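Quantities reported herein were computed from a predicted structural model and do not represent experimental measurements.
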Amino acid sequence: MKKAKQLTHPARSLILSLSFICSLLAFGQVYAFEQQQLPAANSFAGKTLPLNTVNAEQMQYQAGSFDSDNNADEKVLSRLPGEAAILTLVFIIALLLALWSRWRIKHLYNHAQLLARLVQERTQALKQANLKLEKLACVDVLTNTCNRRQFIVQAEKEFERFYRSQHHFSVLRAEIDNFHGINEDYGFACGDYVLAEVARVLKQRLRSGDILARWAGKEFIILLPETGLEGGEIVGQKICQAMLAAGFCYQSKPIAITLSLGAVQIELGESLDTCVQRADKALGQACEHGGGQVIALSAVAQVQSRKKICHHYG
């Protein structure tokens, strides 16, 4: 569009210039013709025909016809300046219309560019807002980990991959020991601090492909792809040691924080829902034994139908 505009701009200017020059030349020729014809007509009208060449009737006829021709020429000549003025006025009006049309087209083009730029800016802002909304819908704000719904989405993908490749994965349920006592002794603000710090330590001990999510108020859930039950138990033990060595401190007051973990491995014929329930059972056993440890439970021999995670986890 810009290239077409650059090409038509000199063409329009050339046509307008030629039209203006031709109008001026036509007006000048009309004016010169009028100045030449008026003296010739007046001098010819003042001459008399010789009496020896025509008779009286011919002289009268010629005089009458000459007077009529002279009057017609005078009428034509008197009309020419008016017609030239009208043509000039028409040209000026056409020129003004052409200039107005050019200005109008340029104004509409600039307005269209402005609207396109505004639409692009609004579209970009809408995309950024949608990304923020998607992040808020998938991330737990306090711990900056996946929320339960996002964990279910990613866990179901890993569950489908397990049935295609037969590569096992492990699930760990983790719970902060004596979390209610921390809230009572130090306040709920300290409880939020503990949740955020525990999530930070967990991220440090996990791989980039592992899935970490906040499952409930004081509970976390971890999915370890390509990891069996023994590997899941080892990861749980490392997490317990990392919690003891973290040295949490809130408002210059040291806080001892331990985690109880239950580890299980997905098995063929088992649903993801059942796997999570077994991890919850293993976590209960770890809490009953005093906390600060990991309990690994092997799969039950019972084979169930293949199902995705139940909706009550959503």
Side-chain angles (χ1 to χ4, degrees), residues 134-155 157-158 161 167-183 186-266 275-276 279-280 282-283 286-287 289-297:
E134 291 178 1
K135 183 177 180 180
L136 291 175
C138 300
V139 176
D140 180 73
V141 179
L142 180 60
T143 60
N144 197 26
T145 61
C146 296
N147 56 19
R148 179 181 293 196
R149 185 177 301 276
Q150 182 63 16
F151 175 83
I152 293 173
V153 172
Q154 298 188 27
K157 292 180 181 179
E158 188 64 28
R161 193 171 73 89
H167 292 166
H168 292 79
F169 63 84
S170 296
V171 175
L172 278 70
R173 289 285 302 274
E175 179 180 327
I176 302 175
D177 298 324
N178 194 28
F179 185 72
H180 294 294
I182 294 174
N183 284 331
Y186 300 97
F188 291 99
C190 180
D192 293 342
Y193 163 79
V194 169
L195 287 170
E197 288 299 309
V198 168
R200 180 182 61 82
V201 174
L202 288 174
K203 289 178 183 178
Q204 292 177 351
R205 304 308 304 177
L206 296 177
R207 300 168 299 182
S208 60
D210 298 336
I211 304 172
L212 171 65
R214 185 182 179 188
W215 190 249
K218 59 179 180 177
E219 298 179 10
F220 294 88
I221 190 168
I222 305 168
L223 191 146
L224 305 173
E226 306 286 340
T227 304
L229 180 60
E230 183 179 355
E233 185 177 5
I234 294 174
V235 172
Q237 292 174 355
K238 291 182 178 179
I239 290 175
C240 291
Q241 295 173 2
M243 289 297 166
L244 292 175
F248 298 99
C249 184
Y250 179 75
Q251 293 183 352
S252 302
K253 297 178 181 179
I255 303 175
I257 298 176
T258 59
L259 281 182
S260 297
L261 296 100
V264 295
Q265 172 187 293
I266 189 72
C275 183
V276 174
D280 185 63
L283 174 62
C287 293
H289 286 80
Q293 58 184 311
V294 55
I295 297 296
L297 288 183

Apply side-chain contact (heavy atoms from CB on, under 4.5 Å) to the pair Arg200 and Glu197, showing each step before the final yes or no. CA-CA 5 Å; Arg200 180 182 61 82; Glu197 288 299 309; 2.6 Å; yes
Are more than 12 heavy atoms, taken from residues, nucleotides or ligands other than Lys157, located less than 6.0 Å from that residue's NZ atom?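 No - once you tally the heavy atoms of other residues, nucleotides and ligands closer than 6.0 Å, there are 12 at most.
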Is the shortest heavy-atom distance from the side chain of [X] to the side chain of [Y] under 4.5 Å?
X      : Y      : result
Val139 : Thr145 : no
Leu202 : Leu259 : yes
Asp210 : Pro225 : yes
Arg207 : Leu224 : yes
Leu261 : Phe220 : no
Ile266 : Glu158 : no
Leu142 : Arg214 : yes

Working to the nearest 0.5 Å, report the span between [atom1] of [X] and [atom2] of [Y].
X      : Y      : atom1 : atom2 : answer
Ile211 : Ile222 : CD1   : CD1   : 11.0 Å
Cys146 : Ile221 : SG    : CD1   : 11.5 Å
Phe151 : Leu223 : CZ    : CG    : 5.0 Å
Leu212 : Asn144 : CG    : CG    : 10.0 Å
Ile182 : His180 : CD1   : NE2   : 10.5 Å
Thr227 : His167 : OG1   : NE2   : 12.0 Å

Atom of [X], atom of [Y] and distance for their closest heavy-atom approach:
X      : Y      : result
Leu229 : Ala296 : CD1-CB, 3.8 Å
Ile255 : Cys190 : CD1-SG, 3.3 Å
Gly217 : Leu195 : O-CD2, 3.5 Å
Asn147 : Ala137 : ND2-O, 2.7 Å
Ala282 : Gly262 : CB-CA, 3.6 Å

Can you tell me if Asp280 uses its side chain to pair, donor with acceptor, with the backbone of Arg173 under 3.5 Å?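 The answer is no, because no donor-acceptor pair under 3.5 Å joins these two groups.
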State whether the side chain of Ser170 and the backbone N or O of Gln265 hold a donor-acceptor pair below 3.5 Å, judged by distance alone.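 Side chain of Ser170 to backbone of Gln265, a donor-acceptor pair under 3.5 Å: no, none is there.
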Side-chain donor-acceptor pairs under 3.5 Å in residues 230-244, sequence neighbours left out?
none

Suppose the criterion is ring pair (Phe, Tyr, Trp, His ring centres under 6.0 Å): which pairs have a residue in residues 223-265, not counting sequence neighbours?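 Passing the test, one end in residues 223-265: Tyr193-Tyr250.
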